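Here the structure is laid out as structure tokens; the discussion comes afterwards.
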Protein chains: 2
Amino acid sequence: MASIKEVAALAGVNRSTVSRIINGEGSFRSDTKRRVEEAMAQLDYRPSAIARSLAKSHSNMIGLMVTYYTGGFFGQMMNQVQLELDVQNKFLLTAQGHHSADGEKKAIEKFKDLRCDGFILHSRYLSDEELIALSKTKTPFVLLDRYIEEIKQQCVTFDHQKASALATSYLLERGHINIGCVTGPLGRVSSQVRLTGYKNAIAEKGIALNPDYLVEGDYELDSGYAAMAQLMSLEQKPTALFSTGEEMTRGIMKYCYEQQIRCPEDISIISYDSVNSCRGLYPQVTTLEFPISDMAHEAVLLLNAQLKAQSREQAQLSVSPRIQEGNSVINLT
Amino acid sequence: MASIKEVAALAGVNRSTVSRIINGEGSFRSDTKRRVEEAMAQLDYRPSAIARSLAKSHSNMIGLMVTYYTGGFFGQMMNQVQLELDVQNKFLLTAQGHHSADGEKKAIEKFKDLRCDGFILHSRYLSDEELIALSKTKTPFVLLDRYIEEIKQQCVTFDHQKASALATSYLLERGHINIGCVTGPLGRVSSQVRLTGYKNAIAEKGIALNPDYLVEGDYELDSGYAAMAQLMSLEQKPTALFSTGEEMTRGIMKYCYEQQIRCPEDISIISYDSVNSCRGLYPQVTTLEFPISDMAHEAVLLLNAQLKAQSREQAQLSVSPRIQEGNSVINLT
DNA sequence: GTGAAAGCGCTAACAA
DNA sequence: TTGTTAGCGCTTTCAC
């Protein structure tokens with residue numbers, strides 16, 4: 001690919017003139033401009049983003065780290081982030097955390113090697129301390145769906161506890177008392193928080209918690225299937241269910257189908273959903289939307305603000321929970 | 001971030017010595033090496049991939065272009081590609097074609113601006129001519145799921161026609177005669193090819209094609225739902241169905257559920273599936289696997305070969321179709 | 001309005 | 001085994 005040098009030579013001007021014309025800085029004789037533009041066209045010239053990065057000590061690249069690419073959830077985030085960066089003519093770099101602290105560390109290292117101007121991190125395995133330490137570094141970053149008090153101005157969060165309570169209340173308000181809850185791996189804080197929301201809503205109604213109704217899954221389809229089997233083997237079966245992950249819900253629905261358990265007649269279901277995946281279930285499951293696109297959007301705005309060293313309203317950075325009604329919940333009252 | 005200069009200064013050596021130590025080229029006094037390593041550690045030094053790219057006129061970046069990020073299909077590809085590039089310490093850059101020739105052009109432009117060493121393109125909208133023209137360029141690339149005779153050594157393909165015929169035959173062999181087919185947008189070659197496979201299989205059995213059984217969809221859930229409604233309104237309903245896309249199949253199943261059409265008792269279904277998404281349907285739908293991960297794997301190998309200017313066996317580059325049995329097909333014989 | 005020259009952080013001859 | 005020097009392709013002072 002042609003370099004600026006060749007363009008300059010062909011146009012009979014100095015490299016710096018070409019550079020100025022590319023960047024539209026200053027003014028030039030129209031004749032000069034024309035000659036340079038012709039030369040660029042003729043050589044099919046495109047400035048090297050790499051060389052430019054080096055010269056202006058910023059890369060125009062943003063790193064986006066997620067835990068895994070597959071499953072649709074990531075696609076939503078990435079799509080949103082890419083869309084906005086496209087407008088700003090920035091490059092998006094992605095990396096997977098691979099479900100481990102080490103993987104996340106490596107991903108960030110990669111971003112640093114490429115001198116990304118900023119990161120958006122969906123970090124699950126790095127400790128608060130590590131992230132706080134990272135924040136002392138000069139490269140700005142934003143945490144997606146994670147809250148750390150000390151760096152809260154870099155966090156875009158969703159109140160999972162409140163959201164889970166909302167979902168549970170939705171069932172309670174419709175007369176359900178015996179409500180099951182299928183959680184994610186309880187080793188993760190994010191799963192714990194959802195469970196807490198469920199517990200709170202139950203307690204608020206003065207209902208005693210039945211530990212049999214709590215089943216731990218791993219967010220995968222099979223675990224939902226197994227959880228449902230377990231719940232349906234109980235003597236006192238729940239009349240409703242809160243599933244904290246859409247894939248698990250698919251497993252739950254599959255079990256229902258196979259065992260001829262009717263939803264919502266025999267059991268009502270409400271489920272977390274981040275990618276509108278429950279829309280494809282039959283019956284259509286009522287969901288608690290995990291607004292990952294909105295959050296990704298906020299993350300980009302926030303990162304941009306950090307890059308420009310502006311400050312932004314804290315208020316907008318937490319997205320509110322919303323329920324999307326399907327027909328998987330029956331009203332018992 | 002510290003530069004090589006600072007490391008050199010701190011260690012009391014020349015920059016090139018540091019460079020050599022980083023790259024493990026040549027041999028050094030153990031004392032020198034130790035001092036340099038200490039300096040690097042102390043400054044938390046990481047070489048700039050950008051500066052390095054410039055110096056060694058190759059970037060270690062690979063561009064992956066897809067039509068869209070959402071939907072899971074892309075995640076599979078990306079995951080596979082990233083995994084392999086990680087091993088080789090290469091950077092992955094991604095871009096969306098946004099369902100237009102212009103979008104695809106822009107994506108490639110972006111890769112070029114960053115001086116990617118090679119591309120993997122899932123191109124749908126650029127013409128054969130444009131792609132052939134691109135192949136005259138110095139940057140090597142591989143076409144994913146697209147065949148162009150003139151540059152076939154750069155193509156990783158899947159025989160959709162054969163695959164579709166296989167799926168249709170699967171139904172025929174089980175005694176089905178009245179087989180519906182839900183296609184993608186017939187404006188796209190990729191949809192046409194699948195339809196041709198279906199037609200061929202039917203014709204081979206000496207069965208006349210019933211045009212009523214052909215319904216055009218757009219690969220989205222809703223279009224599957226609508227297609228099913230249309231097919232079920234026919235006087236002579238099909239006993240089986242070949243769906244050329246998993247999302248459409250979800251719509252089809254949803255319609256069945258709502259209308260109390262039993263699968264497979266009332267209708268048998270076989271479906272394309274690229275992301276194992278039909279596994280979550282109930283009943284579990286028999287699928288024709290679209291082996292996108294395998295293909296992505298092949299694409300990386302092929303691209304690597306091109307980068308090293310090696311040649312590879314053509315034979316491996318076409319992946320064979322495979323059927324994964326569920327319980328959505330009934331045997332009428 | 002344009003050119004000359006230095007510099008971004010690194011690598012790669014060529015010497016020593 | 002190590003240093004010197006030039007150069008990768010661009011931007012950015014500082015002159016003129």
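Owing to the predicted nature of the structure, the values given are computational and were not obtained by experimental measurement. Just so it is clear: chains get the letters A, B, ... in the order the sequence lines come, proteins before strands, and each one is counted from 1.
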(request) Quick one, give me the B/S/- string for nucleotides 9-15 of chain D, reading 5' to 3', where B means a protein heavy atom under 4.0 Å from the base and S means that only happens at the primed atoms, P, OP1 or OP2. (result) BBBBBB-
(message) Is there a side chain to side chain contact (heavy atoms under 4.5 Å, CB included) between Gln154(B) and Ser135(B)? Walk through the geometry before answering.
(response) CA-CA 9 Å; Gln154(B) 305 183 42; Ser135(B) 76; 3.6 Å; yes
(request) Could you point out which residue of His98(A), Arg188(A), Glu130(A), Lys105(A) forms a side-chain contact (heavy atoms from CB on, under 4.5 Å) with Tyr125(A)? (result) Arg188(A)
(request) Would you mind checking if Asp113(A) and Lys110(A) are paired as a salt bridge, meaning a charged N to carboxylate O distance below 4.0 Å? (result) no
(request) Indicate, with yes or no, if the rings of Phe290(B) and Phe73(B) have centres closer together than 6.0 Å. (result) yes
(request) Please state how far atom CZ in Arg34(B) lies from atom C1' in dT2(D), giving the value in whole angstrom units. (result) 17 Å
(request) Using atom CD of Glu6(A) as one end and atom C1' of dC8(D) as the other, report the distance to the nearest whole Å. (result) 13 Å
(request) Whole angstrom is fine here: how far is it from NZ in Lys112(A) over to C1' in dG9(C)? (result) 18 Å
(request) Can you establish whether the number of heavy atoms outside Phe28(A) located under 6.0 Å from its atom CZ is more than 12? (result) yes
